[in-house]
Amino acid sequence: MGTILSLAIIAAAIFAAYALKKFYDRPYIVNFALTAMLLLIVIRTLMLQPITGLGYAAIIICTIAGIFQAVLGIKSYKAVQQVQA
């Protein structure tokens with residue numbers, strides 16, 4: 001399971017990098033890709049036993065960053081929808 005999650009994190013990072021270049025006019029795609037990557041990092045870190053102080057710091061920071069990315073994605077999606085209307 002850990003290997004699959006690690007590969008999913010790599011795939012999400014590659015997609016986020018690709019989306020950053022390809023979908024410049026739709027930033028919400030990049031935001032949601034980064035949100036998915038951060039969520040996968042949190043899940044992978046929670047699987048570590050025992051979780052050290054650095055692990056808890058990674059969980060907290062990635063959770064906060066993931067929430068910010070999700071909020072930014074929603075805001076940019078709404079902004080794009082208003083411009084198109």
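Using a 4.5 Å cut-off between side-chain heavy atoms of Ile, Leu, Val, Met, Phe, Trp and Tyr, with links allowed through other members, L39 and M47 fall into the same hydrophobic cluster. Hydrophobic cluster membership differs between Y24 and V83, with clusters built from Ile, Leu, Val, Met, Phe, Trp and Tyr side chains linked at under 4.5 angstrom. Y77 and V80 fall within the same hydrophobic cluster, where Ile, Leu, Val, Met, Phe, Trp and Tyr residues are linked whenever their side-chain heavy atoms come under 4.5 Å apart, directly or through other members. Following chains of ILVMFWY side-chain contacts shorter than 4.5 Å, one cannot reach L20 starting from F68, and the two form parts of different hydrophobic clusters. I9 and L34 end up in the same hydrophobic cluster when Ile, Leu, Val, Met, Phe, Trp and Tyr side chains are linked at under 4.5 Å.
Side-chain contact between Y56 and T52 is absent, with no heavy atoms from C-beta onward closer than 4.5 Å. Residues L38 and V42 fail the side-chain proximity criterion, which asks for heavy atoms closer than 4.5 Å. Counting only heavy atoms from C-beta outward, the side chains of I74 and Y28 never approach each other to under 4.5 Å.
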Intermediate values then yes/no, side chain to side chain contact (heavy atoms under 4.5 Å, CB included), F15 and I29: CA-CA 10 Å; F15 177 75; I29 295 174; 4.0 Å; yes

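Around the CZ atom of F23, the shell of radius 6.0 Å holds more than 12 heavy atoms that belong to other residues, nucleotides or ligands.
The two residues M37 and A12 have their closest heavy-atom pair at CB-CB, 3.8 Å. Considering every non-hydrogen atom in both G73 and S76, the closest pair reads O-OG, 3.1 Å.
Rounded to the nearest 0.5 angstrom, I59 CD1 and I64 CD1 are separated by 12.0 Å. To the nearest 0.5 Å, atoms OG (S6) and CD1 (I41) are separated by 10.0 Å.
Distance alone, capped at 3.5 Å, places no donor-acceptor pair between the T45 side chain and the G55 backbone.
The side chain to side chain contact (heavy atoms under 4.5 Å, CB included) with L40 is formed by just one residue from the set L7, L5, T35; it is L5.
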